[in-house]
Amino acid sequence: MKILMGPVLSFKGYDSTNNRWKLSALVVTGSAEPTGIFFTNGQNVTQHGSKLLSQNGNRFAHSFQFEVPLANTPSKLTYSVENGIYHDIHLPAQNDAPNMSYASCNGFSSQKVMKGVEVKNRMWLEMAERHSKNPIHLMLLGGDQVYADSIWEVVPSIKEWNNKPNQAANKASFTKPMEKQVEAFYFNLYTERWAQPEIRQMMASIPSIAIWDDHDIFDGWGSYPPARQDCPVFQGIGAIATKAFSVFQQHIAPGANKPDVYLAPTFGFSMGHVIGDTAILCLDMRSERTQRQVLSNPHWKQVYDWVSGLSDIKHLFVMSSIPVVYPDFNMLESLLGVVPGQQELEDDLQDHWSSRSHKGERTRMVHRLFDFQKTGMRVTILSGDVHVAALGILQNDRMEYEGKTRVINQLISSAIVHPAPSKMVLFALRHLLDNDQEIDPGIQSRMANLPGTDVRFVGARNFLCLEPDDKNGQNRYWAHWIAEGQEEPFTKVIHPVPS
């Protein structure tokens, strides 16, 4: 069996009742019948066979579903989908919190940006080095795992449509040639991007939990004016991008029922995972996005119902692809508008939580996160998108708030491949923008210096390592930003809520 891309591991959840660590492995092959998956030490592995998820021409995307019990000590599972090539999966001990990494923005927004980077996958090599010394059990992927922005240039029918006047383009149909070319485009995008050796090595070794952001569809998806966002061609592209995301990042066949880890399956791909006393909430901030909302009210309700049902959780990590705490981009928009050549972030302005149309929804979410923290679980937000490493703080000083800690930390890690913003944008972030904002009376947000430094925004490619430390029952996490060009990581300790 010739492997064209993969294997790519996906985490399908942990069944604590039966002690089953559930995984799937995705491969793209040139054959409709895969030869199978082989385990060298798999006597305890339960296999659920292979599924054909998608086909494009003579290429086939298959997934292998399997599960394995966790041992009393950390263990290793070795597997192969290709003769002579083996991969190790490191498993946590049954009662341990998982060692995790977090990464976002795995690509380039333009050819011009890409040409300015000498070693494109350097940070993936850095992750591999850390994984070899301290095995990572889960890889959290915070969006933009691929960049589909080239669709406007390399897909002939879409390029032709994009050159039409707006009114004519908005009325145009999504044709069969468009559908065929767009399907091939997204299949090629994943197959080529993820087949790169440095990326393939990590995706074959560490199961991922993935959310998506706009570039997984195309830049700014969901934030366009309704006439454009709802036009037949945009919706046609979006539907195919959704199928590709479902297949390649979630290992779910188009139209198939979503497993139980999906909290609001009719609304999108929001997920919830519980591993010991650690919970991971993954928010789908693209499936329902418009200029007026990020998630619908019924979607939020099902998410909040899941969190409300958690018990005995020390740490809740909330994956929000767009930072909840960040300088107000409305002001940055004004600044960029008068600086020629610095519009590289303008398409993201409407996307951000600080956009006027999303601030009310953000306020409600922040209040709910503080409510959850009152129950004794430490809430930490994980975000990407903005191509810097940074630390944000939510501070609740409302008199009626009864939580034992009044702070929620937000860890921003972006990007693992895309380079940092221009020096002009970084200068504006560091010196010209007001980093302190009032989200609601008594609730402040601010950007903080990374621990041990006087730096708030690190303009370098980076990823996060989230390492549990339960020594003496402290149940804390060490968050390490691994940044390009830095000899030592930036480190933040995430303590549990005091008991």
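Worth knowing before you read on, the calculation uses all heavy atoms, side chains too, and leaves out hydrogens, waters and symmetry mates.
Atoms CZ and CD1, from F245 and I217 in turn, are 8.5 Å apart once rounded to the nearest 0.5 Å. Taking CZ from F269 and CH2 from W212, the interatomic distance works out to 5.5 Å, rounded to the nearest 0.5 Å.
By the 4.0 Å N-to-carboxylate-O rule, D213 lies close enough to R286 to be salt-bridged with it. A salt bridge does not link R356 to E361: none of the charged side-chain nitrogens sits closer than 4.0 Å to a carboxylate oxygen.
Using a 4.5 Å cut-off on side-chain heavy atoms (C-beta onward), M139 and M203 make contact. Side-chain contact between H90 and I136 is absent, with no heavy-atom pair separated by less than 4.5 Å. The shortest distance between side-chain heavy atoms of I158 and Q181 does not fall below 4.5 Å. A heavy-atom distance below 4.5 Å is not found between the side chains of N121 and L125. Put simply, the side chain of N106 reaches to within 4.5 Å of the side chain of W194, judged on heavy atoms. Contact of the L394 side chain with the V325 side chain is registered, since non-hydrogen atoms from C-beta on lie closer than 4.5 Å. Inter-residue side-chain proximity for S320 and M285 is flagged as met; some heavy-atom pair is nearer than 4.5 Å. Under the 4.5 Å side-chain criterion, counting only non-hydrogen atoms from C-beta, F60 is in contact with L52.
Here the two rings, on W152 and F218, have centers that are under 6.0 Å apart. Aromatic ring centres of F11 and W21: separated by under 6.0 Å. For F38 and Y79, the gap between ring centers reaches or exceeds 6.0 Å. For H418 and H215, the distance between ring centers is not under 6.0 angstrom. For F248 and Y186, the gap between ring centers reaches or exceeds 6.0 Å.
H251 and Q65 share no side-chain donor-acceptor pair at under 3.5 Å. Side chains of S355 and S357: a donor-acceptor N/O pair is present below 3.5 angstrom, by distance only. Side-chain contact annotation: E183 with N56, donor-acceptor N/O pair under 3.5 Å absent. Judged by distance alone, the side chains of N188 and T191 never bring a donor and an acceptor atom under 3.5 Å apart. Donor-acceptor pairing under 3.5 Å is lacking for the side chains of S321 and D385. Judged by distance alone, the side chains of Y326 and Q410 never bring a donor and an acceptor atom under 3.5 Å apart. No hydrogens or angles considered: nothing links the side chains of H87 and S80 as a donor-acceptor pair under 3.5 Å. Residues N297 and R364 bring no donor and acceptor atom of their side chains to less than 3.5 Å of each other. No hydrogens or angles considered: nothing links the side chains of Y190 and Q145 as a donor-acceptor pair under 3.5 Å.
Between Y147 and H387, the ring planes are tilted. Angles from 30° to 60° get that label.
Under the 6.0 Å distance and 45° angle rule, R430 does not count as a cation-pi partner of F457.
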Next item on the list: List the steps, then state whether side chain to side chain contact (heavy atoms under 4.5 Å, CB included) holds for D440 with K359.
Entry: CA-CA 10 Å; D440 209 30; K359 283 184 175 180; over 6 Å; no

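What you find for V261 and G13 is that their closest heavy atoms are CG1-CA, 4.3 Å.
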